[in-house]
Amino acid sequence: MSVALRAQLLLFLISLSSRMGLSRYIEDNDASDGLYSLLSLAQKRESEDFIFRRPLRCLDMLATDGYFTFVASRPQLACAAFIIAEPSEVISLELSDVSIDCNAGDFIKIFDGWVLKGEKFPSSRDHPLPLHQRYTDYCSSTAPGATSRSSQNVAMIFFRIHNPDSGFTLAVKKLHNPFPCNIMSQSPEGSFTMVMPHQRRNCSFSIIYPVEIRLTELSLGQAKSNELTAQKQVWSGCSGSGDYVELLGGNGVDTSMMFPVADLCFSLSGLAQMKIGCDNSVVRLVSSGNYINRVSFQYRLLEQNELPKTRENSLDNFCSVE
């Protein structure tokens, strides 16, 4: 992930977060400092030949392996770092050289996913772990350090430090994931295939941009080849089938709180496309566990003239579909 793309994604997260109230976590001055420092940083390209190290900011976006050290120059009461990997990777995080005062109210917490104003990705209904097991709290751990491994390609760390010169080092390592599930896209354009092999699990591919989504292939185990007709290309009410794909749109990150655009519960080998003018556009694959389900799709960023016009007192105020 290039520095420019990382900065673009962080800028978009800040814009998205401001509408969702991330200021309750992040102080405005820290957000500005973190963003402009990131924009001005001429980072080296990722390489297998060296161990990447750099300071960690109060608001940060991490997209590479390495060691990131935070040292407080003043009280930092609301900080967070978003960590993102490639879709086919999960993230290993380890804390070391920690010098904080838990008894004075300092804390470091790692979260398996992303959180914005209480909304979580992946949602609680799609994540394999109960919510309390998705948090790793350094101050509650009996071990000298804290380690965590994400279930998907995103993770997050929250921290609060009162005393100057206190801090910690965060080691980030990305690991291969043979069956990616619940993915946050790094880019507003691309293509992907989600496969769910005989597992009762729901998988979402989240794109935090308004995009056009084109389904190029959909294979559901219970579908019959003669079920595809022009009238069934957008079929609401697929939830009873147990195996289906739904397209969602909304202005948050929790898929359970997003607007259902369309359901598809039949196989197709041609194109089915839809524009979703939302802050977040999602392809969600729901699987009963009885079949091998597969969905392939392409997505592209909507042009400015394709975005919805503002309408008051309506979901279309921020999100529109075609």
Side-chain angles (χ1 to χ4, degrees), residues 13 17 20 22 24-26 56 60-62 65 68 70 78-96 98 100 102-103 105-161 168-184 194 196-206 208 248 252-258 280 282 284-289:
L13 279 170
S17 302
M20 299 177 65
L22 186 60
R24 64 183 289 187
Y25 299 123
I26 309 297
L56 182 69
D60 215 332
M61 168 67 69
L62 309 180
D65 291 358
F68 304 87
F70 183 84
C79 297
F82 300 88
I83 303 106
I84 188 167
E86 295 297 327
S88 60
E89 295 174 328
V90 293
I91 303 165
S92 171
L93 300 175
E94 182 175 1
L95 293 170
S96 63
V98 180
I100 66 172
C102 296
N103 294 327
D106 292 356
F107 66 77
I108 306 173
K109 297 181 181 181
I110 299 172
F111 182 71
D112 186 3
W114 277 2
V115 180
L116 291 171
K117 198 192 173 182
E119 290 198 22
K120 299 170 181 64
F121 179 86
S123 70
S124 295
R125 68 177 183 176
D126 289 351
H127 200 280
L129 297 176
L131 184 58
H132 70 276
Q133 291 185 20
R134 296 172 65 180
Y135 286 94
T136 301
D137 188 343
Y138 172 83
C139 289
S140 298
S141 175
T142 57
T147 61
S148 177
R149 178 170 173 170
S150 71
S151 304
Q152 62 290 308
N153 77 320
V154 293
M156 195 170 186
I157 181 168
F158 301 93
F159 54 98
R160 172 188 297 165
I161 298 177
F168 61 91
T169 293
L170 176 69
V172 177
K173 185 177 181 180
K174 294 180 287 186
L175 308 170
H176 178 65
N177 182 12
F179 292 104
C181 179
N182 295 323
I183 298 123
M184 186 71 72
M194 282 193 293
M196 186 46 55
H198 295 291
Q199 292 184 28
R200 185 180 179 87
R201 190 177 180 190
N202 307 327
C203 294
S204 294
F205 189 95
S206 182
I208 50 174
L248 305 171
V253 295
D254 191 326
T255 54
S256 66
M257 300 181 184
M258 296 177 70
N280 194 8
V282 171
R284 183 169 180 263
L285 175 62
V286 178
S287 297
S288 65

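Note that CG of D112 and CG of L129 are 6.0 Å apart. Values are rounded to the nearest 0.5 Å. Within the model, atoms SG of C203 and CZ of R284 stand 9.5 Å from one another, a figure rounded to the nearest 0.5 Å. Between the CD1 atom of I84 and the CZ atom of F82 there is a distance of 10.5 Å, given to the nearest 0.5 Å. To the nearest 0.5 angstrom, D126 atom CG is 10.5 Å from Q152 atom CD. Between atom OG of residue S150 and atom CG of residue L93 there is a gap of 7.0 Å, rounded to the nearest 0.5 Å. A distance of 6.0 Å separates CD1 in I183 from CE in M194, rounded to the nearest 0.5 Å.
Across E119 and G252, no two heavy atoms sit closer than the pair OE1-CA, 3.3 Å.
In this structure, the side chains of M184 and S206 come closer than 4.5 Å at one or more pairs of heavy atoms. In this structure, L95 and T136 have side chains that are not in contact, with every pair of non-hydrogen atoms separated by 4.5 Å or more. Residues D60 and F68 form no side-chain contact, since every pair of their non-hydrogen atoms from C-beta on lies 4.5 Å or further apart. Side-chain contact between F121 and N280 is absent, with no heavy atoms from C-beta onward closer than 4.5 Å.
Judged purely by atom type and a 3.5 angstrom limit, N202 has no side-chain atom pairing as donor or acceptor with the backbone of V286.
Residue V172 is tested with L56, I91, I157 for a side chain to side chain contact (heavy atoms under 4.5 Å, CB included); the sole match is I91.
Between Y135 and F111, the ring-plane angle classifies as tilted under the 30° and 60° cut-offs.
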